[in-house]
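Notes follow once the structure below has been shown.
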Amino acid sequence: KDFNLTNEKDAHSSDSDENSERGNWSNKGDYLLSMVGYAVGLGNVWRFPHRTYQTGAFLIPYTLMLALAGLPLFFMECSLGQFASLGPVSIWRILPLFQGVGITMVIISTFVTIYYNVIIAYALYYLFASFQKVLPWSDCFSWADEFCSKTRIVSDCNITLHGEIIHANYSFITSNNLTCINGTISYKPVQFPSEQYWNKVALQRSSGLDETGRIVWYLALCLLLSWMIVGAALFKGIKSSGKVVYFTALFPYVILLILLVRGATLEGALDGIEYYIGRQSNITKLMEAEVWKDAATQIFYSLSVAWGGLVALSSYNKFHNNCYSDAILVCVTNCVTSIFAGFAIFSILGHMAFVSERPVSEVVDSGFDLAFVAYPEALSKLPVSPLWSFLFFFMLLLLGLDSQFATIETLTTTIQDIYPKVMKKLRIPVTLGLCTLLFFLGLICVTQAGIYWVNLIDHFCAGWGILIAAVLEIIGIIYIYGGNRFIEDIEMMIGKKSCLFWLWWRMCWFFITPVLLMTILVWSLVTFSRPSYGSVLYPTWGTAVGWCMIIFCVIWIPIVAIVKIVKAEGNLVQRIVSCCRPAANWGPYLECHRGERYSHIVDPKKKKEHEIPTVSAVVY
């Protein structure tokens with residue numbers, strides 16, 4: 001039987017799709033919720049509130065950085081993907097010399113998706129541990145050592161005795177009914193039950209990266225389960241994931257609201273909220289460059305720009321979708337979520353400070369310590385604590401899964417653009433095979449030294465590589481391809497707009513955004529510090545591995561550029577110039593959308609059926 005592969009339908013597309021070859025979102029809601037789920041992730045809950053508390057007047061630079069850097073890049077990537085209906089690698093038909101940037105984005109996304117699912121596995125483990133009448137981290141049980149304590153233990157202090165101030169042991173003070181002088185109390189070094197549970201039970205953490213230890217079997221099973229969930233949600237591509245996100249993207253808001261209402265009714269909640277937005281506010285901090293750098297970094301990572309996912313998800317839009325309004329809606333939703341989450345988190349942390357008779361500043365943490373130490377400790381002090389613990393970790397699970405769906409879709413979209421015939425026949429096996437491979441690669445992160453690997457990959461791959469890719473992306477599209485030309489492409493999709501409409505975007509794309517990105521990149525390199533996890537410094541070889549990972553990610557940028565130049569014709573200058581021009585097949589995917597500007601494009605259907613993709617296919 002003669003199979004016409006170009007006419008076959010796979011689970012990724014349907015008869016009602018505008019683009020029957022690649023497929024489209026079933027409806028606008030699928031796309032918007034997928035984008036919101038991708039942008040709104042764990043960082044909105046465990047990073048933004050802590051930054052706001054630390055910096056005080058953080059919302060002012062945060063909002064400005066959203067307008068100056070986040071939104072322009074977000075709108076650019078959404079427009080790119082929608083215009084050409086291509087993934088993050090193939091989209092660089094727009095500028096073949098920079099196609100290595102797309103490869104860098106995909107490789108970084110691969111590294112990140114390995115450790116991100118490990119964090120989801122942590123949330124799953126705590127979710128299952130919450131199904132107990134008494135939370136296992138609520139007290140110092142058999143796994144605890146002599147340093148574990150639910151309260152602070154006074155060691156010594158200064159007292160007034162016979163008219164003289166002396167330093168005395170606290171046992172002597174209590175036995176003689178004496179009183180410490182305010183501000184002179186010293187406490188014994190203790191660890192709260194939630195901290196010891198995280199390190200000793202959940203992670204079985206070793207002493208450092210040098211001590212790999214064994215695979216923690218229950219974390220490995222949780223990791224396997226998380227990959228099974230991801231694979232099940234994506235087995236039909238956007239057609240299945242687009243339906244799952246109606247629950248995974250919306251339900252976290254319900255949980256956040258429940259936690260906020262519960263937290264606001266607790267004693268001490270007001271103290272926590274004041275520390276979040278009130279008491280620490282100091283407008284003079286806006287004069288500090290570090291505040292602006294933190295705001296730009298938070299916006300940049302929270303919106304997931306330059307990861308390739310925005311291009312991949314937008315590539316399944318219909319050509320005339322209003323990507324402009326979509327970009328604004330998703331960005332605003334992301335930022336409002338961050339602010340809203342801060343109230344929910346700090347109201348309960350304020351209660352924890354009240355119960356433990358400590359200042360809020362001593363119970364506030366960020367990152368892993370907030371999600372798996374400070375907040376679980378606070379929840380354990382609430383009535384019906386297993387219920388609140390279940391809701392919190394279920395919310396973390398859903399927030400993580402949303403972002404993971406989009407990241408895996410980025411990888412499968414890249415494979416589809418390079419090998420479309422394979423994906424038409426074998427989408428489900430390829431997706432499940434990819435999830436299986438990434439599961440095995442992630443096993444190093446569920447060993448006893450796993451948390452050090454998670455932190456190392458995050459420190460290097462999710463940092464400079466993304467910044468480098470973003471800088472080259474905006475320079476290549478605006479300065480080489482041409483900003484005005486790019487605006488004309490966008491107007492083919494959303495209609496003609498006035499010069500005044502484009503004034504702000506031109507200012508950002510041509511000057512403000514690239515300058516900001518370069519400043520953040522240089523600042524990050526200048527202020528580089530040796531990676532550490534808590535008080536544990538990484539060995540020299542660990543830092544070297546981190547540098548090797550980031551070099552492996554970005555080295556494809558010069559390699560692909562050199563390959564392109566070598567394959568071009570003419571002298572060196574002519575070759576470089578030709579590589580800086582769009583490829584002959586750059587433009588709207590469907591012929592009906594090309595108009596006169598792109599009427600020269602050769603329809604890919606007219607290529608020979610027996611043509612087998614080679615290494616050069618990656619370049620296009």
| query | So, do Tyr122 and Ile451 sit near enough that their side-chain heavy atoms are less than 4.5 Å apart? | reply | yes

| message | Under 4.0 Å between a side-chain nitrogen and a carboxylate oxygen: does that hold for Lys496 and Glu491? | response | yes

| remark: What one should report as the nearest heavy-atom pair of Gly242 and Trp25 is CA-CZ3, 4.1 Å

| request: Nearest 0.5 Å please: distance from the CG atom of Leu572 over to the CZ atom of Arg575. | output: 8.0 Å

| request: Check whether any side-chain heavy atom of Trp92 sits under 4.5 Å from a side-chain heavy atom of Val560, and report yes or no. | output: no

| Side-chain contact, heavy-atom cut-off 4.5 Å: Asp489 with Ser79? | no

| request: Could you tell me whether Lys239 and Asp17 make a salt bridge, using a distance below 4.0 angstrom between a side-chain N and a carboxylate O? | output: yes

| task | Please confirm whether Tyr538 and Tyr533 have ring centers closer than 6.0 angstrom. | result | no

| Would you call Ile466 and Ile108 a side-chain contact if the rule is heavy atoms closer than 4.5 Å? | yes

| message | Does Ser578 form a side-chain hydrogen bond (donor to acceptor under 3.5 Å, both in side chains) with Glu569? I'd like the steps, not just the answer. | response | CA-CA 8 Å; Ser578 67; Glu569 298 179 353; over 6 Å; no

| query | Side chains of Leu95 and Pro582: closer than 4.5 Å at any heavy-atom pair? | reply | no

| field | Aromatic centroids of Tyr31 and Tyr316 separated by under 6.0 Å | value | no

Do any side-chain atoms of residues 511-528 form donor-acceptor pairs under 3.5 angstrom with protein atoms, and if so which ones, sequence neighbours left out?
unit_1: Thr513; atom_1: OG1; unit_2: Leu68; atom_2: O; d: 2.6
unit_1: Thr513; atom_1: OG1; unit_2: Cys508; atom_2: O; d: 3.1
unit_1: Thr519; atom_1: OG1; unit_2: Val515; atom_2: O; d: 2.8
unit_1: Ser524; atom_1: OG; unit_2: Ile520; atom_2: O; d: 2.8
unit_1: Thr527; atom_1: OG1; unit_2: Trp523; atom_2: O; d: 2.7

| Do Ile468 and Thr104 come within less than 4.5 Å of each other through their side chains, counting heavy atoms only? | no

| field | Worked check of side chain to side chain contact (heavy atoms under 4.5 Å, CB included) between Phe75 and Ile490 | value | CA-CA 10 Å; Phe75 181 32; Ile490 298 175; 4.1 Å; yes

| request: Kindly give the heavy-atom pair with the smallest separation between Phe368 and Val454, and that separation in Å. | output: CZ-CG1, 3.7 Å

| said: Has Arg530 got a side-chain atom pairing as donor or acceptor with Thr543's backbone, closer than 3.5 angstrom? | reply: no

| query | Passes side-chain hydrogen bond (donor to acceptor under 3.5 Å, both in side chains), Trp502 versus Asn484? Steps please. | reply | CA-CA 10 Å; Trp502 291 111; Asn484 292 328; over 6 Å; no

| task | Verify whether one side chain among Tyr589 and Glu21 offers a donor that lies under 3.5 Å from an acceptor in the other. | result | yes

| field | Minimum side-chain heavy-atom gap Val245-Asp30 below 4.5 Å | value | no

| task | Look only at the side chain of Ser240 and the backbone of Ala233, and say whether a donor-acceptor pair between them is shorter than 3.5 Å. | result | yes

| remark: Closest heavy-atom pair, Phe486 versus Met76, reported as atoms and distance to 0.1 Å, is CZ-O, 3.7 Å

| Heavy-atom pair of closest approach, residues Pro558 and Val554 | CD-O, 3.3 Å

| remark: Here the pair of heavy atoms bringing Gly476 nearest to Phe98 is CA-CE2, 3.7 Å

| Distance in Å, Ser315 OG paired with Glu409 CD, rounded so as to fall on 0.5 Å steps | 8.0 Å

| query | Are side-chain N/O atoms of Ser314 and Glu77 paired as donor and acceptor at under 3.5 Å? | reply | no

| Sub-4.5 Å side-chain heavy-atom contact between Leu234 and Thr412 | no

Atom pairs and distances, donor-acceptor, side-chain atoms in residues 429-446, under 3.5 Å, two or more places apart:
unit_1: Thr431; atom_1: OG1; unit_2: Arg427; atom_2: O; d: 2.9
unit_1: Thr436; atom_1: OG1; unit_2: Leu432; atom_2: O; d: 2.8

| query | Just by modelled atom types, is the Cys323 backbone N or O under 3.5 Å from a matching donor or acceptor in the Asn317 side chain? | reply | no

| note | Nearest heavy-atom approach of Leu66 to Pro72 is O-CD, 4.0 Å

| Residue pair Asp326 / Asn321, side-chain donor-acceptor N/O under 3.5 Å | yes

| message | Do the side chains of Glu488 and Arg597 get close enough for a salt bridge, i.e. N-O under 4.0 angstrom? | response | yes

| request: To the nearest 0.5 angstrom, please state how far the CD1 atom of Ile550 sits from the NE2 atom of His459. | output: 10.5 Å

| What residue among Leu71, Leu33, Val36 forms side chain to side chain contact (heavy atoms under 4.5 Å, CB included) with Val330? | Val36

| task | Start with the C-alpha distance between Met105 and Glu473, add both sets of side-chain angles, then the distance that settles side chain to side chain contact (heavy atoms under 4.5 Å, CB included), and finish with yes or no. | result | CA-CA 10 Å; Met105 291 178 179; Glu473 179 182 49; 3.6 Å; yes

| What do the steps show when you test Trp586 against Tyr481 for side-chain hydrogen bond (donor to acceptor under 3.5 Å, both in side chains), and what is the final call? | CA-CA 12 Å; Trp586 163 253; Tyr481 177 72; 3.2 Å; yes

| said: Set out, in order, the CA-CA distance, both residues' side-chain angles and the distance that settles side chain to side chain contact (heavy atoms under 4.5 Å, CB included) for His600 and Tyr598, then state yes or no. | reply: CA-CA 5 Å; His600 61 278; Tyr598 292 96; 4.1 Å; yes

| So Thr113 and Asn117, side chain to side chain contact (heavy atoms under 4.5 Å, CB included) or not? Walk me through it. | CA-CA 6 Å; Thr113 198; Asn117 231 24; 5.7 Å; no

| Is a donor on one side and an acceptor on the other found under 3.5 Å between the side chain of Arg93 and the backbone of Ala84? | no

| request: Begin with the C-alpha distance, continue with both residues' side-chain angles, and end with the deciding distance and a verdict on side-chain hydrogen bond (donor to acceptor under 3.5 Å, both in side chains) for Asp458 and Tyr115. | output: CA-CA 8 Å; Asp458 180 67; Tyr115 83 79; 2.6 Å; yes

| Do the side chain of Asn24 and the main chain of Glu18 share a donor and acceptor less than 3.5 angstrom apart? | yes

| field | Separation of Ile238 CD1 from Ser26 OG (nearest 0.5 Å) | value | 7.0 Å

| CD1/Ile328: more than 12 non-hydrogen atoms of other groups inside 6.0 Å | yes

| message | Can you confirm if the aromatic rings of Phe460 and Trp547 lie within a centre distance of less than 6.0 Å? | response | yes

| No-hydrogen, no-angle side-chain donor-acceptor test under 3.5 Å, Trp541 and Asp210 | yes

| said: Could you check whether any side-chain N or O of Arg594 sits under 3.5 Å from a backbone N or O of Pro588, counting only pairs where one atom can act as donor and the other as acceptor? | reply: yes

| request: Look at the rings of Trp556 and Phe552 and say which category their plane angle falls in: under 30° parallel, 30 to 60° tilted, over 60° perpendicular. | output: perpendicular

| message | To the closest 0.5 Å, what do you measure between OG1 (Thr540) and CG (Leu209)? | response | 11.5 Å

| request: Taking Ser85 for its side chain and Gly81 for its backbone only, find out whether a donor-acceptor pair lies under 3.5 Å. | output: no

| Inter-residue atom distance Ile91.CD1 - Thr414.OG1, 0.5 Å rounding | 11.0 Å

| Polar contact flag, side-chain donor to acceptor under 3.5 angstrom, Ser302-Asn334 | yes

